[in-house]
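Counting starts at 1 for both ligands and their atoms, following the listed order. Fair warning: this is a prediction, and the values are worked out from it, not measured in the lab. The figures here come from the full heavy-atom set of this structure, side chains too, leaving out hydrogens, waters and symmetry mates.
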Amino acid sequence: MMPAAVTVSLVPEARGGPFVFWDGLADACQRAASLGFDAIEIFPPDAAAIDVATVRELITRHRLKVAAVGTGGGWVRHKLTLTHADAAIRRDARSFIAALIERAGALAAPAIIGSMQGRSEGSVSRDQALAWLAEGLDELSALAAGHGVPLLYEPLNRYETNLFNRIGDAARWLEARKLTRVQILADLFHMNIEEADSAAALREAGRFVGHVHFADSNRRAIGFGHTSVPPVIAALHDIGYQGYLSAEILPLPDGQAAAAQTMAAFRAATGRP
Ligand code: LER
Ligand code: MN
């Protein structure tokens with residue numbers, strides 16, 4: 001059974017971004033639990049913002065889990081990426097992510113490499129960017145493995161990266177590079193832009209899929225756009241996916257309504273009461 005998760009941003013500078021709750025962890029946990037979610041996904045500004053004892057107390061009280069922890073705060077706040085031309089910036093990006101992997105790992109949650117992957121541009125060729133990305137993913141996924149969790153790599157749409165836009169391409173690359181501790185985050189919003197057929201793409205990426213961002217075509221809650229959900233759910237079943245469907249979506253018309261719509265769509269799609 002695929003569990004349901006909902007996002008909370010702790011980064012005021014990310015306003016306008018695809019996160020459901022914005023008023024702190026206590027508020028998010030209370031709202032998530034009362035709507036029937038199994039977990040929260042946290043977008044923190046940095047590792048220091050995740051006090052493990054406090055988060056543990058909150059999720060235990062609300063019978064939730066932490067589905068994943070985003071690392072994009074390092075991009076939003078400091079413009080760090082794993083593929084920057086400047087070695088010092090690449091090193092700072094790795095340390096920033098490593099610190100988050102430690103906190104997330106203590107909560108049994110994987111960290112996500114999304115916007116921290118950067119892009120190939122200027123003096124950085126595609127081959128060079130991919131070599132640095134592979135190095136970063138290898139080193140960071142070893143750290144995650146120490147906590148018994150994978151590292152999640154997320155292909156993004158063409159307006160956010162030019163490294164990998166399609167999940168099948170990313171899966172083949174991870175396999176060729178033997179990055180066995182890395183799994184793919186399949187974000188249905190990015191896939192709506194880049195894949196010819198999202199269900200077919202999920203089958204192509206198969207066992208590499210480790211997390212799903214459950215978003216409609218317009219990045220609103222599932223059901224508020226034009227994505228056909230049954231083929232996506234059927235593909236996830238067929239590949240044996242048992243991870244989260246996590247609502248990384250715009251808080252429209254507001255966070256509470258977006259979360260409630262997600263839960264209704266989740267129940268309709270998975271048959272969960
Ligand atoms: C992060 O999960 C993502 O999907 C990117 O578009 C950054 O917002
Ligand atoms: Mn995403």
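Across Pro155, Pro18, Ala14, heavy-atom proximity to atom 8 (O) of ligand 1 is greatest for Pro18. Across the listed options Glu41, His213, Glu160, Glu160 owns the non-hydrogen atom lying nearest to atom 6 (O) of ligand 1.
Residue contacts with ligand 1: His211 is excluded, as none of its non-hydrogen atoms falls under 4.0 Å. Within the structure, ligand 1 has Leu156 among the residues with a heavy atom less than 4.0 angstrom away.
Of all the atoms in ligand 1, the ones that sit under 4.0 Å from a non-hydrogen atom of Glu154 are 1 (C), 2 (O), 3 (C), 4 (O). For ligand 1 and Asp187, the ligand atoms under 4.0 Å from any heavy atom of the residue are 4 (O). Interface of Glu248 with ligand 1, defined as ligand atoms under 4.0 Å from a residue heavy atom, comprises 1 (C), 2 (O), 3 (C), 4 (O). If you number the atoms of ligand 1 from 1 as listed, the ones under 4.0 Å from a heavy atom of His190 come out as 3 (C), 4 (O), 5 (C), 6 (O).
Without hydrogens or angle criteria, Tyr244 side chain to Ala247 main chain gives no donor-acceptor distance under 3.5 Å. A donor-acceptor pair under 3.5 Å links the side-chain atoms of Gln117 to the main chain of Gly114, judged by distance alone.
Note on Glu41 versus Lys65: no salt bridge recorded, every NZ/NE/NH1/NH2 to OD/OE distance being 4.0 Å or above.
Remark: Asp38 pairs with Arg272 by the salt bridge (charged side-chain N to carboxylate O under 4.0 Å, His left out) rule, at least two apart or across chains.
Alongside Leu250, the hydrophobic cluster contains Leu252 (criterion: ILVMFWY side chains under 4.5 Å).
Under a hydrophobic clustering in which Ile, Leu, Val, Met, Phe, Trp and Tyr are joined whenever their side-chain heavy atoms come within less than 4.5 Å, directly or via other members, Val229 and Ile193 fall into different clusters.
Within a 6.0 Å radius of CZ in Arg166, no more than 12 heavy atoms belonging to other residues, nucleotides or ligands are found.
Under the side chain to side chain contact (heavy atoms under 4.5 Å, CB included) rule, Leu174 has a single partner from Asp169, Leu179, Thr180, which is Leu179.
Using bins of under 30°, 30° to 60° and over 60° for the plane-to-plane angle, the ring pair Tyr153/Trp173 lands in the tilted bin.
Evaluation of the salt bridge (Lys or Arg N to Asp or Glu O under 4.0 Å) test over residues 226-252, restricted to residues two or more places apart or in two chains, returns Arg203-Asp238, Arg219-Glu248.
Of all protein N/O/S atoms, those under 2.8 Å from the Mn ion (ligand 2) are Glu154 OE2, Asp187 OD2, His213 ND1, Glu248 OE1, and waters are not counted.
For ligand 1, the polar-atom distance check against Ser115 finds no nitrogen or oxygen pair separated by under 3.5 Å.
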